[in-house]
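What follows is a set of notes on a single structure, which appears directly below.
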Protein chains: 2
Amino acid sequence: MKTTRNTPAKTAILEIFEKSKTALSHTEIQKQLNDVCDRVTIYRILDRLMNDDIIHKISNLDGTVKYAKCNHSHQRVHIHNHAHFSCENCNEITCLENVKPSYIMPHNYKVKEINFTLSGLCPKCLNSDI
Amino acid sequence: MKTTRNTPAKTAILEIFEKSKTALSHTEIQKQLNDVCDRVTIYRILDRLMNDDIIHKISNLDGTVKYAKCNHSHQRVHIHNHAHFSCENCNEITCLENVKPSYIMPHNYKVKEINFTLSGLCPKCLNSDI
DNA sequence: AAAATAAAGCAACAATGTTGCGATTGTGTA
DNA sequence: TACACAATCGCAACATTGTTGCTTTATTTT
Ligand SMILES: [Mn+2]
Ligand SMILES: [Mn+2]
Ligand SMILES: [Zn+2]
Ligand SMILES: [Zn+2]
(Lines give C-alpha, C1' and ligand atoms only; values in the text may rest on other atoms or scores of the structure.)
(Ligands and ions follow the chains in the order given, each with its own letter.)
Protein backbone atom coordinates (compact mmCIF):
# COMPACT_ATOMS: atom_id res chain seq x y z
CA MET A 1 0.00 0.00 0.00
CA LYS A 2 0.98 3.61 -0.45
CA THR A 3 2.42 5.04 2.73
CA THR A 4 2.02 8.66 3.68
CA ARG A 5 4.87 10.70 5.15
CA ASN A 6 5.14 13.41 7.73
CA THR A 7 7.03 16.28 6.22
CA PRO A 8 7.75 19.70 7.74
CA ALA A 9 5.29 21.36 5.36
CA LYS A 10 2.52 18.92 6.17
CA THR A 11 3.12 19.34 9.90
CA ALA A 12 3.09 23.12 9.59
CA ILE A 13 -0.17 23.06 7.66
CA LEU A 14 -1.78 20.73 10.16
CA GLU A 15 -0.79 23.08 12.97
CA ILE A 16 -2.38 25.98 11.14
CA PHE A 17 -5.61 24.03 10.82
CA GLU A 18 -5.51 23.11 14.49
CA LYS A 19 -5.19 26.71 15.55
CA SER A 20 -7.81 28.08 13.16
CA LYS A 21 -11.42 28.36 14.20
CA THR A 22 -12.53 29.02 10.62
CA ALA A 23 -12.00 27.37 7.28
CA LEU A 24 -8.95 28.45 5.32
CA SER A 25 -8.28 29.08 1.66
CA HIS A 26 -5.12 28.04 -0.12
CA THR A 27 -3.99 31.66 -0.13
CA GLU A 28 -4.63 32.14 3.56
CA ILE A 29 -2.62 29.04 4.33
CA GLN A 30 0.18 30.24 2.12
CA LYS A 31 0.37 33.56 3.95
CA GLN A 32 0.53 31.88 7.33
CA LEU A 33 3.21 29.49 6.13
CA ASN A 34 5.84 32.15 5.44
CA ASP A 35 7.55 30.31 2.61
CA VAL A 36 7.87 27.03 4.43
CA CYS A 37 7.17 25.46 1.07
CA ASP A 38 6.11 26.09 -2.50
CA ARG A 39 2.60 27.05 -3.62
CA VAL A 40 2.24 23.78 -5.48
CA THR A 41 3.26 21.78 -2.44
CA ILE A 42 0.40 23.32 -0.49
CA TYR A 43 -2.05 22.14 -3.14
CA ARG A 44 -0.60 18.67 -3.02
CA ILE A 45 -0.67 18.49 0.76
CA LEU A 46 -4.28 19.65 0.80
CA ASP A 47 -5.10 16.89 -1.68
CA ARG A 48 -3.48 14.31 0.53
CA LEU A 49 -5.17 15.57 3.67
CA MET A 50 -8.51 15.34 1.88
CA ASN A 51 -7.80 11.80 0.76
CA ASP A 52 -6.95 10.87 4.31
CA ASP A 53 -10.19 12.48 5.52
CA ILE A 54 -8.30 14.84 7.77
CA ILE A 55 -9.71 17.95 6.17
CA HIS A 56 -12.70 18.65 3.95
CA LYS A 57 -13.38 21.12 1.20
CA ILE A 58 -16.03 23.82 1.28
CA SER A 59 -17.05 25.72 -1.81
CA ASN A 60 -18.87 28.97 -1.51
CA LEU A 61 -21.42 30.54 -3.81
CA ASP A 62 -18.95 33.19 -4.91
CA GLY A 63 -16.52 30.51 -6.06
CA THR A 64 -14.25 30.69 -3.04
CA VAL A 65 -12.83 27.34 -1.98
CA LYS A 66 -11.78 26.74 1.59
CA TYR A 67 -10.69 23.82 3.72
CA ALA A 68 -11.41 22.85 7.31
CA LYS A 69 -10.32 20.18 9.68
CA CYS A 70 -12.66 17.23 10.13
CA ASN A 71 -13.87 17.15 13.69
CA HIS A 72 -16.19 14.18 13.62
CA SER A 73 -14.99 10.85 14.86
CA HIS A 74 -13.51 8.70 12.16
CA GLN A 75 -16.29 6.58 10.78
CA ARG A 76 -16.07 3.82 8.27
CA VAL A 77 -18.18 5.87 5.96
CA HIS A 78 -16.92 9.41 6.18
CA ILE A 79 -19.61 11.86 5.14
CA HIS A 80 -19.63 15.59 5.63
CA ASN A 81 -23.26 16.23 6.04
CA HIS A 82 -22.92 19.30 8.20
CA ALA A 83 -23.59 22.83 7.06
CA HIS A 84 -21.16 25.69 6.59
CA PHE A 85 -21.71 29.37 7.10
CA SER A 86 -20.12 32.01 4.97
CA CYS A 87 -20.22 35.58 6.27
CA GLU A 88 -20.66 38.09 3.49
CA ASN A 89 -19.08 40.76 5.64
CA CYS A 90 -15.92 39.26 7.12
CA ASN A 91 -15.76 36.42 4.56
CA GLU A 92 -15.06 33.88 7.23
CA ILE A 93 -16.37 30.40 6.67
CA THR A 94 -17.13 28.22 9.66
CA CYS A 95 -18.33 24.66 10.07
CA LEU A 96 -21.72 24.34 11.71
CA GLU A 97 -21.15 20.79 12.86
CA ASN A 98 -24.57 20.56 14.43
CA VAL A 99 -26.59 21.88 11.54
CA LYS A 100 -27.58 18.99 9.30
CA PRO A 101 -30.21 19.54 6.66
CA SER A 102 -33.05 17.12 6.20
CA TYR A 103 -34.53 16.73 2.75
CA ILE A 104 -36.46 14.34 0.55
CA MET A 105 -34.89 13.28 -2.71
CA PRO A 106 -36.74 12.05 -5.80
CA HIS A 107 -36.12 8.38 -6.59
CA ASN A 108 -33.37 7.30 -8.91
CA TYR A 109 -30.74 9.62 -7.60
CA LYS A 110 -27.78 8.24 -5.74
CA VAL A 111 -26.50 10.88 -3.35
CA LYS A 112 -22.91 10.46 -2.28
CA GLU A 113 -22.01 13.87 -0.98
CA ILE A 114 -23.75 17.04 0.04
CA ASN A 115 -22.62 20.64 0.11
CA PHE A 116 -24.80 22.87 2.23
CA THR A 117 -23.49 26.38 2.63
CA LEU A 118 -25.50 29.22 4.08
CA SER A 119 -24.44 32.80 3.72
CA GLY A 120 -25.34 36.06 5.38
CA LEU A 121 -24.02 37.64 8.55
CA CYS A 122 -22.15 35.77 11.26
CA PRO A 123 -22.83 36.55 14.94
CA LYS A 124 -19.74 38.73 15.20
CA CYS A 125 -20.68 40.88 12.20
CA LEU A 126 -24.36 40.90 13.08
CA ASN A 127 -23.58 42.51 16.44
CA SER A 128 -21.21 45.11 15.11
CA ASP A 129 -23.98 45.99 12.67
CA ILE A 130 -25.98 49.21 12.94
CA MET B 1 -33.53 54.22 -13.16
CA LYS B 2 -31.10 52.16 -15.15
CA THR B 3 -32.83 50.59 -18.13
CA THR B 4 -31.79 47.25 -19.48
CA ARG B 5 -31.54 46.55 -23.21
CA ASN B 6 -32.23 43.54 -25.31
CA THR B 7 -29.18 42.85 -27.40
CA PRO B 8 -28.58 40.00 -29.87
CA ALA B 9 -26.09 38.40 -27.51
CA LYS B 10 -28.47 38.55 -24.56
CA THR B 11 -31.29 37.11 -26.65
CA ALA B 12 -29.08 34.30 -27.89
CA ILE B 13 -28.00 33.44 -24.36
CA LEU B 14 -31.56 33.46 -23.10
CA GLU B 15 -32.57 31.05 -25.89
CA ILE B 16 -29.77 28.73 -24.88
CA PHE B 17 -31.03 28.73 -21.31
CA GLU B 18 -34.58 28.09 -22.48
CA LYS B 19 -33.55 25.05 -24.45
CA SER B 20 -31.27 23.60 -21.81
CA LYS B 21 -32.60 21.19 -19.23
CA THR B 22 -29.43 21.48 -17.17
CA ALA B 23 -27.37 24.29 -15.73
CA LEU B 24 -24.65 25.73 -17.96
CA SER B 25 -21.15 26.97 -17.34
CA HIS B 26 -19.69 30.04 -18.98
CA THR B 27 -17.62 27.80 -21.23
CA GLU B 28 -20.59 25.71 -22.29
CA ILE B 29 -22.51 28.83 -23.17
CA GLN B 30 -19.58 30.16 -25.14
CA LYS B 31 -19.37 26.97 -27.19
CA GLN B 32 -23.06 27.08 -28.03
CA LEU B 33 -22.86 30.73 -28.97
CA ASN B 34 -20.48 30.26 -31.90
CA ASP B 35 -18.78 33.63 -31.58
CA VAL B 36 -21.94 35.65 -31.35
CA CYS B 37 -20.03 37.81 -28.91
CA ASP B 38 -16.89 38.15 -26.88
CA ARG B 39 -16.02 36.06 -23.82
CA VAL B 40 -16.21 39.12 -21.60
CA THR B 41 -19.62 40.02 -22.92
CA ILE B 42 -20.93 36.64 -21.81
CA TYR B 43 -19.72 37.32 -18.28
CA ARG B 44 -21.37 40.72 -18.30
CA ILE B 45 -24.65 39.38 -19.63
CA LEU B 46 -24.65 36.64 -16.99
CA ASP B 47 -24.15 39.32 -14.36
CA ARG B 48 -27.08 41.29 -15.67
CA LEU B 49 -29.34 38.27 -15.88
CA MET B 50 -28.48 37.45 -12.28
CA ASN B 51 -29.25 40.98 -11.17
CA ASP B 52 -32.60 40.76 -12.92
CA ASP B 53 -33.29 37.42 -11.21
CA ILE B 54 -33.66 35.68 -14.53
CA ILE B 55 -30.92 33.17 -13.84
CA HIS B 56 -29.18 31.98 -10.71
CA LYS B 57 -25.70 30.75 -9.96
CA ILE B 58 -24.78 27.31 -8.73
CA SER B 59 -21.36 26.48 -7.38
CA ASN B 60 -20.25 22.92 -7.12
CA LEU B 61 -17.88 21.26 -4.67
CA ASP B 62 -15.26 20.82 -7.36
CA GLY B 63 -15.22 24.56 -7.96
CA THR B 64 -17.34 24.47 -11.10
CA VAL B 65 -19.73 27.38 -11.46
CA LYS B 66 -22.88 27.04 -13.51
CA TYR B 67 -25.99 29.05 -14.19
CA ALA B 68 -29.61 28.08 -14.62
CA LYS B 69 -32.83 29.80 -15.48
CA CYS B 70 -35.09 30.73 -12.58
CA ASN B 71 -38.32 28.82 -12.91
CA HIS B 72 -40.13 29.98 -9.81
CA SER B 73 -42.72 32.67 -10.08
CA HIS B 74 -41.32 36.13 -9.55
CA GLN B 75 -41.71 36.92 -5.90
CA ARG B 76 -40.98 40.14 -4.13
CA VAL B 77 -38.32 38.35 -2.18
CA HIS B 78 -36.48 36.16 -4.63
CA ILE B 79 -34.75 33.33 -2.81
CA HIS B 80 -33.24 30.25 -4.35
CA ASN B 81 -33.82 27.78 -1.63
CA HIS B 82 -34.04 24.75 -3.85
CA ALA B 83 -31.38 22.08 -4.15
CA HIS B 84 -29.15 21.24 -7.08
CA PHE B 85 -27.81 17.91 -8.16
CA SER B 86 -24.40 17.44 -9.64
CA CYS B 87 -23.69 14.12 -11.34
CA GLU B 88 -20.14 12.98 -10.82
CA ASN B 89 -20.33 10.88 -13.95
CA CYS B 90 -21.84 13.11 -16.66
CA ASN B 91 -21.09 16.35 -14.79
CA GLU B 92 -24.52 17.69 -15.48
CA ILE B 93 -26.04 19.96 -12.89
CA THR B 94 -29.80 20.15 -12.58
CA CYS B 95 -32.15 22.17 -10.42
CA LEU B 96 -34.25 20.11 -8.06
CA GLU B 97 -36.95 22.74 -7.69
CA ASN B 98 -38.93 20.61 -5.29
CA VAL B 99 -36.15 19.65 -2.95
CA LYS B 100 -35.88 22.22 -0.20
CA PRO B 101 -33.78 21.45 2.86
CA SER B 102 -35.11 22.08 6.33
CA TYR B 103 -32.65 22.91 9.05
CA ILE B 104 -32.31 24.59 12.41
CA MET B 105 -29.81 27.41 12.74
CA PRO B 106 -28.15 28.58 15.93
CA HIS B 107 -29.21 32.04 17.05
CA ASN B 108 -27.33 35.13 16.04
CA TYR B 109 -26.84 34.16 12.44
CA LYS B 110 -28.63 36.07 9.73
CA VAL B 111 -29.10 33.78 6.76
CA LYS B 112 -29.62 35.53 3.45
CA GLU B 113 -28.86 32.85 0.93
CA ILE B 114 -28.41 29.12 0.84
CA ASN B 115 -26.49 26.85 -1.47
CA PHE B 116 -27.50 23.23 -1.26
CA THR B 117 -25.84 21.01 -3.81
CA LEU B 118 -25.95 17.25 -3.71
CA SER B 119 -23.66 15.12 -5.78
CA GLY B 120 -23.56 11.50 -6.83
CA LEU B 121 -25.21 9.75 -9.75
CA CYS B 122 -28.14 11.14 -11.71
CA PRO B 123 -30.97 8.83 -12.83
CA LYS B 124 -29.55 8.58 -16.33
CA CYS B 125 -26.10 7.55 -15.17
CA LEU B 126 -27.44 5.36 -12.39
CA ASN B 127 -29.33 3.25 -14.93
CA SER B 128 -26.48 2.94 -17.37
CA ASP B 129 -24.43 1.76 -14.43
CA ILE B 130 -23.43 -1.86 -13.98
C1' DA C 1 -30.70 64.98 -35.46
C1' DA C 2 -28.04 65.38 -31.38
C1' DA C 3 -27.12 64.02 -26.77
C1' DA C 4 -27.13 60.58 -23.34
C1' DT C 5 -26.58 56.08 -21.89
C1' DA C 6 -26.09 50.97 -22.22
C1' DA C 7 -23.59 47.45 -24.07
C1' DA C 8 -19.75 45.41 -26.80
C1' DG C 9 -15.01 44.60 -28.17
C1' DC C 10 -10.31 44.22 -27.19
C1' DA C 11 -6.22 43.93 -24.66
C1' DA C 12 -4.15 43.37 -20.54
C1' DC C 13 -4.05 41.50 -16.11
C1' DA C 14 -4.98 38.63 -11.81
C1' DA C 15 -6.17 34.60 -9.35
C1' DT C 16 -6.33 29.85 -8.98
C1' DG C 17 -5.21 25.40 -10.05
C1' DT C 18 -2.52 21.67 -12.84
C1' DT C 19 1.36 19.02 -14.94
C1' DG C 20 5.99 17.18 -15.91
C1' DC C 21 10.30 16.27 -14.36
C1' DG C 22 14.60 16.16 -12.01
C1' DA C 23 16.19 16.71 -7.12
C1' DT C 24 15.50 15.77 -2.29
C1' DT C 25 13.94 13.43 1.84
C1' DG C 26 11.39 10.31 5.20
C1' DT C 27 11.08 5.76 6.70
C1' DG C 28 10.86 0.64 6.81
C1' DT C 29 14.13 -2.86 6.60
C1' DA C 30 18.62 -5.10 6.20
C1' DT D 1 22.83 2.57 11.86
C1' DA D 2 23.00 2.66 6.97
C1' DC D 3 20.63 2.00 2.73
C1' DA D 4 17.21 1.82 -0.81
C1' DC D 5 13.45 3.61 -2.76
C1' DA D 6 9.00 5.43 -2.93
C1' DA D 7 6.94 9.70 -1.50
C1' DT D 8 7.40 14.41 -1.58
C1' DC D 9 9.25 18.76 -3.14
C1' DG D 10 10.69 22.78 -6.05
C1' DC D 11 10.48 24.99 -10.13
C1' DA D 12 8.98 26.33 -14.51
C1' DA D 13 5.54 26.24 -17.61
C1' DC D 14 0.86 26.11 -18.73
C1' DA D 15 -4.44 26.21 -18.46
C1' DT D 16 -8.66 28.03 -17.00
C1' DT D 17 -11.56 31.36 -15.17
C1' DG D 18 -12.79 35.76 -14.13
C1' DT D 19 -11.88 41.01 -13.91
C1' DT D 20 -10.79 45.84 -15.36
C1' DG D 21 -10.03 49.93 -18.20
C1' DC D 22 -10.76 52.11 -22.17
C1' DT D 23 -12.52 52.94 -26.75
C1' DT D 24 -16.13 52.09 -30.01
C1' DT D 25 -20.79 50.85 -31.28
C1' DA D 26 -25.67 50.61 -30.71
C1' DT D 27 -29.93 52.03 -28.76
C1' DT D 28 -32.86 55.45 -26.34
C1' DT D 29 -34.29 59.77 -25.08
C1' DT D 30 -34.90 64.55 -25.87
MN1 LIG E 1 -15.27 16.39 8.08
MN1 LIG F 1 -34.16 30.72 -9.27
ZN1 LIG G 1 -18.62 37.83 9.76
ZN1 LIG H 1 -25.24 11.88 -14.89
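Every chain is numbered from 1 and lettered A, B, ... according to where its sequence line falls, protein lines coming before strand lines. Treat the numbers as computed from the prediction; the structure is a model and nothing was measured.
In this structure, Phe116(A) and Tyr103(B) have perpendicular ring planes: the angle between them is above 60°, well past the 30° mark. The aromatic rings of Tyr109(B) and Phe85(A) lie perpendicular to each other, with more than 60° between the two planes, well past the 30° mark.
The phosphate of dC9(D) (OP1 or OP2) has a side-chain N or O of Thr7(A) nearer than 4.0 angstrom. Phosphate proximity of dG28(C) to Thr3(A): absent, as no side-chain N or O sits under 4.0 Å from OP1 or OP2. For the pair Thr27(B) and dT16(D), the criterion of a side-chain N or O lying under 4.0 Å from OP1 or OP2 is not met. Residue Thr4(A) places none of its side-chain N or O atoms closer than 4.0 Å to OP1 or OP2 of dT27(C).
Comparing the local axis fitted to the first five base pairs of the helix from dA1(C)-dT30(D) to dA30(C)-dT1(D) with the one fitted to its last five gives a bend of 30°, rounded to 10°.
One can place CG of Leu46(A) at 13 Å from P of dT16(C), the figure rounded to the nearest angstrom. Between Asp62(B) atom CG and dT17(D) atom P the separation is 11 Å, expressed in whole Å. Distance, Asn51(B) CG to dA6(C) P: 14 Å, rounded to whole Å. Per the geometry, CD belonging to Gln30(A) stands 11 Å off P belonging to dA15(C), to the nearest Å. As a whole-Å value, the separation of Asp47(A) CG from dT16(C) P is 16 Å. If you measure from atom CD1 of Ile29(B) to atom P of dT17(D), you get 12 Å, rounded to the nearest angstrom. Taking atom CG of residue Asp35(B) and atom P of nucleotide dC10(C), one finds them 10 Å apart after rounding to whole Å. Atoms CD1 (Ile42(A)) and P (dG17(C)) sit 11 Å apart, rounded to a whole Å.
Taking for each of Asp38(A) and Pro8(B) the nucleotide of DNA chain D with the nearest heavy atom, the 5'-most of the two is the partner of Asp38(A).
Residue Arg48(B) places no side-chain atom within donor-acceptor reach of the base of dA7(C), judged by atom type and a 3.5 Å distance cut-off alone. For Arg5(B) against dA7(C), a side-chain-to-base donor-acceptor contact under 3.5 Å is absent. Judged by distance alone with a 3.5 Å cut-off, a donor-acceptor contact links the side chain of Arg44(A) to the base of dG10(D). You won't find any donor-acceptor pair under 3.5 Å spanning the side chain of Arg39(B) and the base of dG9(C), going by distance alone.
Contact annotation for Val65(B): backbone-only contact, meaning every heavy-atom pair under 4.0 Å involves sugar-phosphate atoms and none involves a base.
At a cut-off of 3.5 Å, with distance as the only test, a side-chain donor of His82(A) or His84(A) sits close to an acceptor on the other residue.
By the neighbour-count criterion of 12 heavy atoms within 6.0 Å, atom NZ of Lys57(A) is densely surrounded, having more than that number from other residues, nucleotides or ligands.
The stretch residues 14-26 of chain B has no heavy atom under 4.0 Å from DNA chain C, so no residue of it qualifies as close.
Closest heavy-atom contact between Lys10(B) and Ile45(B): N-CD1, 3.6 Å.
Side-chain contact between Asn115(A) and Asn60(B) is absent, with no heavy atoms from C-beta onward closer than 4.5 Å.
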